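The next block holds one structure in the form of structure tokens; read it before the comments.
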Amino acid sequence: MTVILTPPSPELRLLVSLASWTWPATGPDGREVAHILITHTPALAGVGVGTVEARMRRLSDSLGGLTDPREVVPEVDQCLQIVGDQVLMHFPGASRRLRLPTRRSWTELVARTGEAVLLLGLDPLPQTADAARLDTYLDAALSAGRLLFGRARTR
């Protein structure tokens, strides 16, 4: 008997409860790098923080397992799709794609480089968070080990 283990696919209700942000930044080597942050929205969570974390870790597993920033950051091939001026994130096993909020310059950067740094936040953050709140969230989540990292690729 052969058993094939496959990562769990994210359920639709998880995908619709996600919030996402995109921005360009300069990498350690001086090159411009596209970034994506995906979190769970608190308003739609309706569950405890532990359950939100478990859902986000299942999402990470569906992408092949994202890691702590101190580890080798895995590449997630062909999870980004550019359609016109939109960028869609594909989660293996999911019937729908997550439309990322983008600006033309960010979409062009992803098209040119073929990748973006993917950050998966284990704590909720509302989609309405402004830049200052987003920076505070990223600083706190990074110092507490509450971010998982990967390299999302278009090819």
Side-chain angles (χ1 to χ4, degrees), residues 8-28 31-71 73-76 79-92 94-113 115-154:
S9 62
E11 64 261 354
L12 183 58
R13 70 174 182 240
L14 171 58
L15 293 180
V16 298
S17 68
L18 296 177
S20 58
W21 296 263
T22 59
W23 68 95
T26 304
R31 292 182 312 128
E32 192 174 32
V33 179
H35 289 75
I36 303 166
L37 170 65
I38 298 175
T39 68
H40 202 285
T41 57
L44 298 176
V47 293
V49 173
T51 303
V52 168
E53 180 176 347
R55 287 179 175 180
M56 297 308 285
R57 288 193 183 276
R58 276 198 312 274
L59 190 62
S60 168
D61 290 345
S62 77
L63 293 168
L66 304 182
T67 64
D68 181 275
R70 294 169 292 209
E71 300 174 31
V73 177
E75 291 185 9
V76 185
C79 68
L80 293 178
Q81 179 182 11
I82 300 172
V83 179
D85 61 349
Q86 297 180 20
V87 179
L88 307 173
M89 177 105 188
H90 171 68
F91 297 96
S95 60
R96 305 211 180 220
R97 287 169 168 68
L98 176 65
R99 181 178 175 201
L100 299 173
T102 62
R103 293 183 183 232
R104 183 181 184 104
S105 60
W106 188 88
T107 303
E108 290 171 351
L109 175 61
V110 171
R112 189 172 60 252
T113 62
E115 66 180 17
V117 173
L118 174 61
L119 300 99
L120 198 65
L122 298 178
D123 297 315
L125 182 67
Q127 183 69 60
T128 57
D130 62 10
R133 186 160 179 199
L134 185 60
D135 282 345
T136 301
Y137 176 91
L138 288 169
D139 288 342
L142 184 60
S143 66
R146 307 287 295 160
L147 286 175
L148 299 176
F149 289 77
R151 287 177 48 207
R153 300 185 52 83
T154 59

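Reckoned from all heavy atoms, side chains included, excluding hydrogens, waters and symmetry mates. Not measured: the values here are computed from a predicted model.
A donor-acceptor pair is defined here as one N or O able to donate and one able to accept, closer than 3.5 Å; no such pair exists between the side chain of Thr102 and the backbone of Val87. The closest donor-acceptor contact from the side chain of Thr39 to the backbone of Pro124 lies at 3.5 Å or more, if one exists at all. No donor-acceptor distance shorter than 3.5 angstrom exists from the side chain of Glu115 to the backbone of Thr154, with no hydrogens or angles considered. For His35 (side chain) and Val33 (main-chain N/O), a donor-acceptor pair under 3.5 Å exists by modelled atom type.
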* Could you please spell out the steps behind the side-chain contact (heavy atoms from CB on, under 4.5 Å) verdict for Asp68 and Phe149? => CA-CA 6 Å; Asp68 181 275; Phe149 289 77; over 6 Å; no
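Nearest approach of Ile38 to Phe91, heavy atoms of both residues: CD1-CZ, 4.1 Å. Smallest separation of non-hydrogen atoms from Gly121 and Tyr137: CA-OH, 3.3 Å. Closest approach of Pro42 to Pro126, counting heavy atoms only: CD-N, 3.5 Å. In terms of heavy-atom proximity, Ala34 sits nearest to Leu109 at N-CD2, 3.4 Å. Of all the heavy atoms in Ile36 and Ala116, the pair that sits closest is CD1-CB, 3.8 Å. Shortest non-hydrogen contact noted between Leu66 and Gly150 is CD2-CA, 3.8 Å.
In this structure, Leu118 and Met89 have side chains that are in contact, with non-hydrogen atoms separated by less than 4.5 Å. For the pair Arg103/Trp23, no side-chain contact is recorded, criterion being any heavy-atom separation below 4.5 Å from C-beta on. For the pair Met56/Asp123, no side-chain contact is recorded, criterion being any heavy-atom separation below 4.5 Å from C-beta on. With a 4.5 Å cut-off on side-chain heavy atoms, Arg99 and Gln86 count as touching. The shortest distance between side-chain heavy atoms of Arg133 and Leu125 falls below 4.5 Å. Contact check for Thr107 versus Asp85: no side-chain heavy atoms found under the 4.5 Å cut-off.
The CZ atom of Arg146 sits 14.5 Å away from atom CG of Leu119, with the distance rounded to the nearest 0.5 Å. Interatomic distance, OG of Ser60 versus CG of Leu120, reported as 6.0 Å (0.5 Å rounding). Rounding to the nearest 0.5 Å gives a distance of 7.5 Å between CG of Leu18 and OG1 of Thr41. Rounded to the nearest 0.5 Å, atoms OG1 (Thr26) and CD (Glu32) are 6.5 Å apart. In this structure, Leu148 CG and Leu122 CG are separated by 4.5 Å, a value rounded to the nearest 0.5 Å. Glu108 CD to Ile82 CD1: the interatomic distance, rounded to the nearest 0.5 Å, is 10.0 Å.
Taking the charged nitrogens against the carboxylate oxygens, Arg57 and Glu53 do have a contact shorter than 4.0 Å, which makes a salt bridge.
Under the side chain to side chain donor-acceptor pair (under 3.5 Å) criterion, Asp130 pairs with no residue, sequence neighbours left out.
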